[in-house]
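Counting begins at 1 with the first residue of the sequence. Whatever order the structure lists ligands and atoms in, that order sets their numbers, starting from 1. Basis for what follows: all heavy atoms, side chains included, without hydrogens, waters or symmetry-related copies.
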Amino acid sequence: MSSLYAQINGLTIAYSDRGTGLPLVFLHAFPLNRTMWAQQAEALSARFRIITIDLRGHGESDAPLWHYTLDQSADDVRALLNHLGIRQALFVGLSMGGYILFAFYRKYAVRVKGMILADTRAQADTEEGRGGRFQMAQTAYTKGPSAIADIMIPKLLSPATIQTRPEIVQKVRSMIEGNQISGIAGDLMAMAERPDSVPLLPQISCPTQIIVGELDQATPPSDANLMAEKIPGARLAIIPGAAHLSNLEQPEAFNQIVAAFASELCK
Ligand code: MLT
């Protein structure tokens, strides 16, 4: 993916922009970067304009040594759309990318032509979850990103992927190890304080597709069902043989769902 850069809200934000047609904006998971969407960009850019962003704190974008919120990440996305002259797009947010999509929709619903919420949840963190974020930030600080990779990989990928697909494991590990500690800690703080988006769900009025890996333990199918029940008209697709990173573990199935949904939005 060739890299482009924009100066946004005091930071350098890296992104890729490939293809023409309906813009599809992809928001990645924690603690990864925009290269997790490589197979989506490859397959879908023949029909759509694919924009992938390194969210603040990740990949080639700046990682601020300062507290930030997911609302600020949403503001970065809006500023990038403005920079590119894009008024409306279809957004695809996976996990933390989905949390940012909720923040974006709360502030800028008019920019959202449709949403794909993948392997994510609407609920805020529990008290225990927030404690876990604090512990993980301390681990990042004392032991570095490779310790975060050790913790996260079993949460992100299925046991079968970990045992039999070393190339995927290595790709995820190198994305995590490429992060700066301030980005990992900044995200953990931002996710810990995100609001509950369950009350937002009945107010979502754009076409919405929900995707979840059947083996996802981080944001299980029960979380996807809750979103599907409460968002008017939302559809739900469950991908067999995938855990949390369903786009990496089962890219063909994931791409097919995205392409079908995006094609309908173009009609
Ligand atoms: C992610 O994949 O973005 C994270 O698992 C989200 C989270 O920790 O809540």
Those atoms of ligand 1 less than 4.0 Å from some heavy atom in Ser95: 1 (C), 2 (O), 3 (O), 4 (C), 5 (O), 6 (C)
For ligand 1, does Lys155 get within less than 4.0 Å through its side chain, its backbone, both, or neither, judged by non-hydrogen atoms? neither
among protein heavy atoms, the one nearest atom 8 (O) of ligand 1 is Arg133 NH1, 2.7 Å
To the nearest 0.1 Å, how far is atom 9 (O) of ligand 1 from its closest protein heavy atom, and which atom is that? Tyr99 OH, 2.6 Å
Donor-acceptor pair, distance only, cut-off 3.5 Å: does the side chain of Ser45 make one with the backbone of Ala43? no
Any Lys/Arg nitrogen of Arg34 or Asp54 sitting under 4.0 Å from an Asp/Glu carboxylate oxygen of the other? yes
If the cut-off is 4.0 Å to any non-hydrogen atom of Met96, which atoms of ligand 1 fall inside it? 1 (C), 3 (O)
Please say whether Phe30 places an N or O atom under 3.5 Å from an N or O atom belonging to ligand 1. yes
Which ligand 1 atoms does Ala29 reach within 4.0 Å, using its non-hydrogen atoms? 1 (C), 2 (O), 3 (O)
Across all chains, not counting sequence neighbours, the side chain to side chain donor-acceptor pair (under 3.5 Å) partners of Arg235 are Glu264
Taking distance alone, with no angle check, do His244 and ligand 1 share an N/O pair under 3.5 Å? yes
Can you establish whether the number of heavy atoms outside Glu128 located under 6.0 Å from its atom CD is more than 12? no
The complete set of ring-ring contact (aromatic ring centres under 6.0 Å, His included) pairs with one or both residues in residues 105-161, sequence neighbours excluded, reads Phe104-Tyr108
Would you call the rings of Tyr15 and His83 parallel, tilted or perpendicular, taking 30° and 60° as the class edges? perpendicular
